[in-house]
Amino acid sequence: MADLIDTHAHLDSDRFEADLAEVLSRAVAAGVRVMVAVGITAASSQRCVDLGSTYPFLHPTVGIHPNEITEALAGDWERIVSLASSPRVVGVGETGLDRYWDRTPFSIQEEWFIRHLELGRRLDRAVVIHCREAETDTLRVLKDQFEKHGPIRGVMHSFAGLWPFADACLGMGLHVSFSGMLTYKNAADLRAVAGRVPEDRIMVETDSPYLSPHPLRGKRNEPANVVHTATSLAEVRNVTLERVADVTSRNARELFRLS
Ligand code: NI
């Protein structure tokens, strides 16, 4: 079958420390030969960049996740800025807004979200956006940026909203990426959204080690499992798995400008 790209995996996680090489070979064996390794702190971003040097098929992004901001040390943002300009880095983030965990005061989350958007624009890198129970605020920030600066090069990752949110994101130029949540029994609404996203804007991801797809829920997730999400996407779009692999991989290559 055609190759898939896992556009969002936290491969620097401690949970992969013991067996990353095996995890990556299982991914390759499953046809997942390219992965985007997403940073969430300055140290995690550095590890993603290092992983990208070790494994040429891993493409790093660098950023500070909204839930990690209060733990950031002086100088961490400067480290992100400096890492972001290294030629192998394909994206800025994971950034965004999160009202579910509420670990960082919301005004600070917003300030850092805007910082990441500005950095992505300045360095011409795709922005990897997280949104959890904060759609209204996320759209407000994005619309303000969109009105000032035009289309936003980036992805709404692990999409979990309804069509109006997807439509608004698409209207500002964003891609939409679906995770293992798409396979959950109670996710009929999400599958309906996935059926409507234009073919040139859709991508798949695992968000490993989180969000294992059905029937692996509860276990550690890994990039090989992106096949389950792609299969579910093929069903809802009434196309072949090969077609899903072709279009999602092409979209990922274009968005992140993967070589
Ligand atoms: Ni993530």
Side-chain angles (χ1 to χ4, degrees), residues 4-17 20 23 27 32 34-49 51-52 58-72 76 80 83-84 89-104 109 112-113 116-117 119-120 125-135 138 154-161 165 169 174-184 190 202-213 216-217 219-226 228-229 248 252 255-256:
L4 287 161
I5 296 181
D6 182 355
T7 63
H8 194 114
H10 297 285
L11 296 167
D12 63 293
S13 162
D14 292 348
R15 293 172 69 190
F16 291 120
E17 208 177 345
L20 182 63
V23 166
V32 186
V34 174
M35 292 150 246
V36 178
V38 176
I40 56 166
T41 65
S44 147
S45 298
Q46 178 68 61
R47 283 198 298 278
C48 289
V49 170
L51 285 174
L58 293 188
H59 299 274
T61 77
V62 300
I64 299 184
H65 190 288
N67 297 337
E68 304 289 340
I69 295 166
T70 50
E71 303 291 316
D76 277 2
I80 295 294
L83 285 171
V89 168
V90 299
V92 167
E94 180 168 352
T95 181
L97 299 175
D98 192 314
R99 283 199 188 273
Y100 178 80
W101 289 106
D102 210 20
R103 282 194 200 136
T104 307
Q109 292 188 35
W112 283 63
F113 182 25
H116 283 82
L117 289 164
L119 183 64
R125 300 279 190 273
V127 180
V128 179
I129 303 171
H130 163 107
C131 172
R132 190 153 184 201
E133 297 188 5
E135 290 180 2
T138 300
V155 54
M156 190 58 66
H157 109 87
S158 190
F159 191 85
F165 183 52
C169 293
L174 292 172
H175 284 56
V176 174
S177 174
F178 292 93
S179 69
M181 279 197 276
L182 195 67
T183 66
Y184 296 173
L190 188 59
I202 199 163
M203 302 192 302
V204 287
E205 64 171 85
T206 57
D207 204 12
S208 299
Y210 315 108
L211 297 179
S212 279
L216 307 164
R217 275 185 92 166
K219 297 195 181 144
R220 181 187 71 172
N221 200 5
E222 60 177 61
N225 298 339
V226 81
H228 294 272
T229 300
T248 57
L255 176 67
F256 292 108

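Just so you know, ligand 1 is whichever comes first in the structure, and atom 1 is the first atom listed for that ligand.
Panel note: side chain Ser179, backbone Glu205; no donor-acceptor pair is recorded below 3.5 Å. The backbone N or O of Pro66 lies less than 3.5 Å from no partner atom in the side chain of Gln109, so there is not a single donor-acceptor pair. Of the possible polar contacts, none joining the Asp76 side chain to the Ala42 backbone as a donor-acceptor pair under 3.5 Å is found.
Side chains of Cys131 and Leu97 form no contact here, defined as non-hydrogen atoms less than 4.5 Å apart.
For the residue pair Thr206 and Asn225, no side-chain donor N or O sits within less than 3.5 Å of a side-chain acceptor on the partner.
Take His65 and apply the ring-ring contact (aromatic ring centres under 6.0 Å, His included) test, not counting sequence neighbours, and it matches His130.
If you look at the Ni ion (ligand 1), the protein N, O or S atoms less than 2.8 Å from it are His8 NE2, His10 NE2, Glu94 OE1, Asp207 OD1.
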